[in-house]
Amino acid sequence: MLDIKYVRQNLAAVEAALSRRGGGVSLEPFRLADEEHRRDLAELEALRHQRNRVTAEIARLKKSGDPAEPLVAQMREVSARIRELEQRVAHAEERLNEILLGLPNLPHADVPTGRDSADNPVVASFGEPPRFDFEPRPHWEIGSRLGILDPERAAKIAGARFPLYYAAGARLERALINFMLDLHTGEHGYREVLPPFIVNRRSMTATGQLPKFAPDLFKLEGWDYFLIPTAEVPLTNLHQDEILEEEDLPLAYTAYTPCFRSEAGSYGKDTRGLIRQHQFNKIELVRFCRPEDSYAELNRLLAQAETVLRRLELPYRVVELCTGDLGFSAAKTYDIEVWMPGQGAYREISSCSNFEDFQARRGGIRFRRRGRKGTEFVHTLNGSGLAVGRTFAALLENRQRADGAVDIPAVLRPYMNGMERLTP
RNA sequence: GGAGAGAUGGCCGAGUAGGUCGAAGGCGCUCGCCUGCUAAGCGAGUAUACUCCGAAAGGGGUAUCCCGGGUUCGAAUCCCGGUCUCUCCGCCA
């Protein structure tokens, strides 16, 4: 959520900044609701002040046995007016809140203006796409030949877009999870968390999935609960409605969780393989920090996510999302894209974002500066470190051999009981 | 699923024949003094949000005693609904 005071005082600038995301934006409904709200609130508070004063006077009169009836009668009317105003103010507040919750974050001034992913500049790259003296296969073919992926039976059990791994495949997925968690907890200073995979509406609203993106979520029937689409939601909400101490910042959490996404509107896209699933595994990194540190923290986060790919010896590039491709809650985002030989394309495998105080304001996540009065909102960041299913797919495609075998990278072998290669 | 108990400030914990309670007391914490050495004593301060005045320091106003609604001139205190926590029974990984 944007700072209502800032929006009020910088209407045109906010409209312009939001317009960079694409489409026109008018804050006229906001302005009207805000003005009405402030007007009514001022009157309401004045009346309440009067009531508080007179009510104390009534108490005094009654105690000394003096007649209070005239004042009581007067207050009867004041109270009626107060009730009326309270309703109006409550409605206006609701309306304002609705508007503000629906506004996306302001893109950072540095973010390049653009329409869609075609306009995302490449800012870094690592490794060379491998050369094959045969036609590289897509990972689903490799996986099926190895007998470690079984989309047909997954469809029987659940439906399309669900994963089913066997044997060394299941082991490899688990190895990736453990490798990533060990890296982030052991070398990058993250605290490991195993959070709920189901969260409530408040949490989904704080991180920005709700109210706008309900169709992308799986909701439990008969409950106001949702399956998490990413561990960002439970991790960021760890400190919901808390006031942190400056010296405790930055805080860094990592979690492995399955992620559940309805993928509404993605019919026909990535219909085969592990790229787009209703359920997938992900290691998430979440950081809370002081506002002045958040862009340095974003670079740190990005480097940590990149480290996973470097250790796995997978070629990738980093793109900066342009304004048109930027997520709802983000002020700035870098995507890491891994090379997929089976598709001859780079595909997103991690997204690292700075949300500034957008989520913190929605979630009530503050901190207190040492020796200072009052509180400020923290800045929150998160990044995938990494999407495990996509990493699995990238591994199969980049390290496939002509005979259908797949080499296991050195860092994973300890997690695979020393296994060096998956063989048909 | 059945039965019961409870939700007050960072923590503990008073406060219900409705009134001067943002809320006693204790602990913790901060600053100062004292003392002097790792312990204690004394004094002051110590919630959040919004808003108004002020250059600032600071001061004024409103709201918040789980949430929502009701009664009343007035509610932490009364009534209704909800949420959560705990205990016992049942069931269960």
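Residue numbers start from 1 in every chain, and the chains themselves are labelled A, B, ... in the order their sequence lines are given, proteins ahead of strands. Note that these values count all heavy atoms, side chains included, but never hydrogens, waters or copies made by symmetry.
- Using a 4.0 Å heavy-atom criterion, one finds that A/Arg368 contacts the sugar-phosphate atoms exclusively.
- Considering only heavy atoms from C-beta on, A/Arg88 stays 4.5 Å or farther from A/Leu44 through its side chain.
- If you check every strand for non-hydrogen atoms under 4.0 Å, A/Ile58 touches a base.
- One finds a side-chain N or O of A/His49 lying less than 4.0 angstrom from the OP1 or OP2 phosphate oxygen of B/rU62.
- On the P atoms, B/rU46 is 34 Å away from B/rU38, given to the nearest whole Å.
- A gap of 15 Å separates the P atoms of B/rG15 and B/rC66, to the nearest Å.
- Of the P atoms belonging to B/rC27 and B/rA3, the separation is 44 Å, rounded to the nearest Å.
- Across all strands shown, B/rU38 forms no Watson-Crick or G-U wobble pair with both distances under 3.5 Å.
- B/rG10 atom P lies 12 Å from atom CG of A/Asp241, rounded to whole Å.
- The residue among A/Glu45 and A/Ala59 whose nearest nucleotide of RNA chain B lies closer to the 5′ end is A/Ala59.
- Comparing B/rG22 with B/rA63, their P atoms sit 9 Å apart, to the nearest whole Å.
- Using cut-offs of 30° and 60° on the angle between ring planes, the pair A/His278 and A/Phe162 is tilted.
- Base pairing of B/rG4: its partner is B/rC86, meeting the Watson-Crick or G-U wobble criterion (both donor-acceptor distances under 3.5 Å).
- Remark: B/rG22 base-pairs with no nucleotide; criterion is Watson-Crick or G-U wobble with both hydrogen-bond distances under 3.5 Å.
- A/Glu356 and A/Lys332 are not joined by a salt bridge, as no carboxylate oxygen comes within less than 4.0 angstrom of a charged side-chain nitrogen.
- Taking atom C1' on both B/rU48 and B/rA44, the two are 23 Å apart, rounded to the nearest angstrom.
- If A/Leu44 and A/Ala56 are placed on RNA chain B by their nearest nucleotide, the residue sitting closer to the 5' end is A/Ala56.
- For A/Glu376 and A/Arg361, the salt-bridge test fails: no basic side-chain N is under 4.0 Å from an acidic carboxylate O.
- Using N1 to N3 plus N6-O4 or O6-N4 for Watson-Crick, or N1-O2 and O6-N3 for G-U wobble, each under 3.5 Å, B/rA75 pairs with nothing.
- Put simply, CG on A/Asp34 is 13 Å from C1' on B/rU51, counting in whole angstrom units.
- Salt bridge annotation for A/Arg290-A/Asp293: present, with a cationic side-chain nitrogen under 4.0 angstrom from a carboxylate oxygen.
- Rounded to a whole Å, the CG atom of A/Leu47 is 13 Å from the C1' atom of B/rG61.
- Backbone-only contact: A/Arg8 has heavy atoms under 4.0 Å from sugar-phosphate atoms and none from a base.
- B/rA47: Watson-Crick or G-U partner is B/rU64, with both key distances under 3.5 Å.
- Relative orientation of the A/His188 and A/His184 rings is tilted, given thresholds of 30° and 60° on the angle between their planes.
- Nucleotides B/rG90 and B/rU72 are separated by 48 Å at their P atoms, to the nearest Å.
- The CD1-P distance, from A/Ile82 to B/rA63, rounds to 9 Å in whole Å.
- Between A/Tyr253 and A/Tyr190, the distance from one ring center to the other does not fall under 6.0 angstrom.
- In this structure, the CD atom of A/Glu43 is 16 Å from the P atom of B/rC52, given to the nearest Å.
- When Watson-Crick and G-U wobble pairs are counted only if both distances are under 3.5 Å, B/rC91 pairs with no nucleotide at all.
- Taking 4.0 angstrom as the limit, A/Lys5 places a side-chain polar atom (N or O) nearer than this to OP1 or OP2 of B/rU51.
- For A/Asn52 and B/rA63, the shortest distance from a side-chain N or O to OP1 or OP2 is below 4.0 Å.
- Using N1 to N3 plus N6-O4 or O6-N4 for Watson-Crick, or N1-O2 and O6-N3 for G-U wobble, each under 3.5 Å, B/rG9 pairs with nothing.
- Neither OP1 nor OP2 of B/rU48 sits under 4.0 Å from any side-chain N or O of A/Thr375.
- Nearest nucleotide to the A/Met75 side chain, out of B/rA49, B/rU62, B/rC73: B/rC73.
- Among the protein residues, A/Arg60 comes within range of no part of the nucleic acid, since none of its heavy atoms lies under 4.0 Å from any strand.
- Atom CZ of A/Arg38 and atom P of B/rC50 are 12 Å apart (whole Å).
- Pairing for B/rU16 is absent, with no Watson-Crick or G-U wobble pair whose two atom distances lie under 3.5 Å.
- A straight line from CD of A/Glu77 to P of B/rC73 spans 12 Å, rounded to a whole angstrom.
- Regarding contacts with the backbone of B/rU72, every side-chain N or O of A/Ser79 stays at 4.0 angstrom or more from both OP1 and OP2.
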May I have the step-by-step check of side-chain contact (heavy atoms from CB on, under 4.5 Å) for A/Tyr256 and A/Glu192, ending in yes or no? CA-CA 8 Å; A/Tyr256 151 69; A/Glu192 184 174 345; over 6 Å; no
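- The distance from atom NZ of A/Lys62 to atom P of B/rU72 is 13 Å, rounded to the nearest whole Å.
- Checking the phosphate oxygens (OP1, OP2) of B/rC73, a side-chain nitrogen or oxygen of A/Arg76 falls inside 4.0 Å.
- For the C1' atom pair drawn from B/rG2 and B/rC91, the interatomic distance equals 11 Å after rounding to whole Å.
- Atom name C1', nucleotides B/rG54 and B/rA40: the rounded distance is 43 Å, in whole Å.
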